[in-house]
Amino acid sequence: MGNTKKTSNNKNNTNNNNTNDNAALNVGFLHPDLGIGGAERLVVDAALGLKEKGHNVCIYTSHHDRDHCFQETRDGTLRVEVNGDFLPRHLFHRLHVVFAILRNIWAAIMMVFKESFDVIIVDQISATIPLLKILTLGRTKIVFYCHYPDKLLTQRNSFLKKLYRLPIDWIEGFTTGCADVIVVNSKYTRSVFEEAFPNIRKKTPAVLYPSLNFAKYDAPVRDISNKELGIPNNSIVLLSINRFERKKNINLALETLHRLLSLVDSSISKRLHLVIAGGYDHIVKENVDHLAELQNRANELGMGRGKVIDGRSGNEVKEKSGDGRVTFVLSFTEEQRAVLLKKCSCMLYTPSNEHFGIGPLEGMYASRPVIAVDSGGPRETVLDGETGFLRDSDPEEWANAIKQLLSDEEFVKRMGREGRLWVKK
């Protein structure tokens with residue numbers, strides 16, 4: 001794992017494709033929605049790394065909510081330009097992809113007209129790549145960072161949906177192949193990429209693992225009380241960090257806790273508490289709907305609806321909150337993340353076939369065992385039996401893994417030490 005360094009940009013600088021290794025480059029990032037999540041953390045850390053190396057960096061995006069973003073994009077550490085937010089996100093909750101592409105195209109046009117770049121790093125939406133090459137007359141190198149093929153992230157449950165996706169999927173394949181360099185986040189994603197885009201054989205994607213900014217994670221933070229985080233005192237905390245999206249399979253954490261309660265002694269079960277923390281945007285319908293679904297499921301399992309904490313304000317969201325064994329922390333701050341990692345006994349990383357997943361690295365670097373689904377990116381990051389456990393997406397298996405951890409304190413400490421060393425390598 002290890003600290004991967006990355007790049008930056010400033011206005012009114014001319015391109016120079018013949019710069020030597022020590023010359024400062026003008027580097028632009030084009031990212032559709034600069035909120036809070038693993039992809040955004042990657043972009044921010046890449047930009048910070050390049051800036052530290054002396055390059056000029058700017059991030060262009062179509063949306064940047066200063067109340068829902070990483071600190072470096074809010075406090076001036078990184079320059080952020082917002083273009084295209086005037087365009088709608090959807091039409092009656094339809095055509096999300098079409099409008100995302102249109103917003104990204106507008107941001108790309110403004111990006112090229114406002115300043116010049118030696119390198120532009122595009123991620124998530126590839127549709128702008130040919131346009132960028134045309135507008136820069138081919139003088140700017142275009143790097144595409146593929147987190148995962150978009151064509152594989154959607155369901156096609158009807159003929160109309162299949163018809164709707166046909167041109168979008170074709171555009172993705174064609175435009176991705178136009179990049180000068182293609183990079184993916186894991187060997188798993190590379191294998192999926194090669195199957196999804198068989199016609200891009202001449203450009204084998206390089207694997208560039210996301211990493212952690214160690215200095216950020218090592219920085220001292222104030223001790224946030226359990227009350228502020230909605231956690232009962234003397235709790236054994238199980239932590240899940242994921243966006244509030246259905247594909248993250250957060251229900252697995254709820255089902256696991258429910259099963260675990262019947263496997264351990266009452267002296268332990270009464271102290272068990274699950275914290276589900278992650279990116280949440282009130283303007284994203286899925287985030288709002290899925291939080292309600294998780295609360296309802298927790299209640300159905302007899303664990304109560306749980307408290308809801310607004311991470312940015314630190315206040316409980318009274319109209320959404322209840323009682324029980326679960327706390328939901330919406331869009332936590334970096335300080336809250338550090339404290340939650342310190343307070344938890346282990347991390348539960350629930351997505352199946354996750355492309356990479358920064359969560360396991362965070363857990364292991366905090367010296368906490370990580371339990372993850374035995375598929376996708378976590379197979380490359382979590383060492384089964386050494387830094388955590390890889391298990392099928394089965395609450396019974398997960399509950400038994402946690403039970404094993406709770407019964408052997410020395411084993412947990414050893415896993416924690418091994419995990420931190422593994423991430424540093």
Side-chain angles (χ1 to χ4, degrees), residues 226 229-232 235-264 266 268-280 284 286-311 316-317 320-332 336-337 340-341 343-354 357 359-360 362-363 368-375 378 388-406:
N226 284 346
L229 293 170
I231 301 172
S235 292
I236 298 172
V237 177
L238 311 177
L239 176 63
S240 168
I241 294 182
N242 273 303
R243 288 182 196 258
F244 285 86
E245 297 175 350
R246 295 180 183 94
K247 67 183 180 182
K248 299 299 184 180
N249 194 25
I250 302 172
N251 268 309
L252 176 58
L254 293 174
E255 303 285 348
T256 295
L257 175 58
H258 178 250
R259 184 70 188 99
L260 181 62
L261 291 171
S262 64
L263 293 180
V264 296
S266 59
I268 295 177
S269 66
K270 67 182 181 182
R271 297 172 54 204
L272 289 170
H273 194 84
L274 173 64
V275 176
I276 296 173
Y280 177 95
V284 177
E286 184 182 11
N287 291 174
V288 177
D289 291 347
H290 194 44
L291 171 60
E293 291 165 0
L294 292 170
Q295 287 187 281
N296 290 337
R297 183 56 182 153
N299 198 42
E300 289 171 1
L301 292 171
M303 300 187 298
R305 287 179 56 78
K307 286 187 177 179
V308 178
I309 305 295
D310 181 347
E316 183 179 348
V317 184
K320 294 181 182 289
S321 284
D323 294 317
R325 293 182 175 272
V326 185
T327 298
F328 301 92
V329 182
L330 314 182
S331 297
F332 53 82
Q336 290 166 338
R337 176 195 61 200
L340 286 170
L341 287 167
K343 288 180 182 290
C344 77
S345 295
C346 67
M347 172 180 279
L348 310 182
Y349 196 68
T350 56
S352 293
N353 296 315
E354 182 71 351
E362 294 176 323
R368 297 296 181 265
V370 175
I371 303 175
V373 177
D374 188 13
S375 65
F389 293 116
L390 294 172
R391 295 291 183 265
D392 290 339
S393 184
D394 179 355
E396 183 78 21
E397 290 191 24
W398 281 50
N400 278 299
I402 298 171
K403 182 183 178 183
Q404 182 179 348
L405 294 175
L406 295 177

Quiz item: Heavy atoms, side chains only, cut-off 4.5 Å: are Tyr349 and Asn242 in contact?
Solution: yes

Quiz item: Given side chains that start at C-beta, do those of Leu229 and Gln336 come closer than 4.5 Å, heavy atoms only?
Solution: yes

Quiz item: Step by step, would you call Phe389 with Val370 a side-chain contact (heavy atoms from CB on, under 4.5 Å)?
Solution: CA-CA 6 Å; Phe389 293 116; Val370 175; over 6 Å; no

Quiz item: Is Ser240 reaching over with its side chain to a backbone N or O of Ile276, donor-acceptor style, under 3.5 angstrom?
Solution: no

Quiz item: Side chains of Lys248 and Pro351: does their closest heavy-atom pair fall under 4.5 Å?
Solution: yes

Practice problem: Kindly say whether Pro378 contributes a backbone atom to a donor-acceptor pair with the side chain of Glu354 at under 3.5 angstrom? | Solution: no

Quiz prompt | Pair Arg368 + Glu362: basic N to acidic O under 4.0 Å | solution = no

Practice problem: Apply side chain to side chain donor-acceptor pair (under 3.5 Å) to the pair Asn249 and Ser393, showing each step before the final yes or no. | Solution: CA-CA 9 Å; Asn249 194 25; Ser393 184; 3.2 Å; yes

Quiz prompt | Rounded distance (nearest 0.5 Å) linking atom CG of Leu330 with atom CG of Leu291 | solution = 6.0 Å

Quiz item: Among all residues two or more places apart in sequence or in another chain, which pass the side chain to side chain donor-acceptor pair (under 3.5 Å) test with Asn296?
Solution: Arg305

Practice problem: State, yes or no, whether a side-chain contact exists between Ile231 and Val275 at a heavy-atom distance under 4.5 Å. | Solution: yes

Exercise. Would you please name every residue forming a side chain to side chain donor-acceptor pair (under 3.5 Å) with Glu286, sequence neighbours left out?
Key: none

Quiz item: With no hydrogens and no angle check, is any side-chain donor or acceptor of Arg391 less than 3.5 Å from a backbone partner on Ala401?
Solution: no

Exercise. With side-chain contact (heavy atoms from CB on, under 4.5 Å) as the test, would you mind laying out the steps for Val373 and Asp392 before giving the verdict?
Key: CA-CA 6 Å; Val373 177; Asp392 290 339; over 6 Å; no

Quiz item: Would you say Leu405 and Ile371 make side-chain contact, with heavy atoms under 4.5 Å?
Solution: yes

Quiz prompt | Rounded distance (nearest 0.5 Å) linking atom NZ of Lys307 with atom OG of Ser321 | solution = 7.5 Å

Exercise. Measure the shortest side-chain to side-chain distance between Glu245 and Asn287 over non-hydrogen atoms and say whether it is less than 4.5 angstrom.
Key: yes

Exercise. Kindly indicate, with the supporting measurements, whether the criterion side-chain contact (heavy atoms from CB on, under 4.5 Å) is fulfilled by Leu341 and Leu239.
Key: CA-CA 8 Å; Leu341 287 167; Leu239 176 63; 3.8 Å; yes

Exercise. Apply side-chain contact (heavy atoms from CB on, under 4.5 Å) to the pair Met303 and Leu254, showing each step before the final yes or no.
Key: CA-CA 9 Å; Met303 300 187 298; Leu254 293 174; 4.3 Å; yes

Quiz item: Which pair of heavy atoms, one from Leu348 and one from Ala253, lies closest together, and at what distance?
Solution: CD1-CB, 4.2 Å

Practice problem: Would you check if there is a donor-acceptor pair between the side chains of Glu255 and His258 at a distance under 3.5 Å? | Solution: no

Practice problem: Check side chain to side chain donor-acceptor pair (under 3.5 Å) between Asp394 and all other residues, then give those that pass, not counting sequence neighbours. | Solution: none

Quiz prompt | Taking every non-hydrogen atom, the tightest pair across Ser345 and Ile236 | solution = OG-CG2, 3.5 Å

Practice problem: Quick one: closest heavy-atom pair of Leu261 and Ser269, and the distance? | Solution: CD2-O, 3.6 Å

Self-check item: Residue pairs, two or more places apart or on separate chains, that pass salt bridge (charged side-chain N to carboxylate O under 4.0 Å, His left out) and touch residues 396-406
Solution: Arg259-Glu396

Quiz item: What pair of heavy atoms forms the shortest contact from Ile402 to Cys346, and how long is it?
Solution: CG1-SG, 4.4 Å

Self-check item: Partner residues of Arg243 under the side chain to side chain donor-acceptor pair (under 3.5 Å) criterion, sequence neighbours left out
Solution: Glu40

Self-check item: Reported CG-to-CG distance for the pair Asn299 and Leu294, which is rounded to 0.5 angstrom
Solution: 12.5 Å

Quiz item: Measuring from Leu263:CG to Ile268:CD1, what's the distance to the nearest 0.5 Å?
Solution: 11.0 Å

Quiz item: Distance from Ile241 atom CD1 to Thr350 atom OG1, nearest 0.5 Å?
Solution: 11.0 Å

Exercise. Just jot down the ring-ring contact (aromatic ring centres under 6.0 Å, His included) partners of Tyr280, sequence neighbours excluded, or say none.
Key: Phe244

Quiz item: Considering only heavy atoms from C-beta outward, does the side chain of Gln295 approach that of Phe328 to under 4.5 Å?
Solution: yes

Self-check item: Neighbour count above 12 (heavy atom, 6.0 Å) for Asp323 CG
Solution: no

Quiz item: Which heavy atom of Leu340 sits nearest a heavy atom of Ala277, and at what distance?
Solution: CD1-CB, 4.1 Å

Quiz prompt | Flag side-chain contact, heavy atom, 4.5 Å: Leu238 against His273 | solution = no

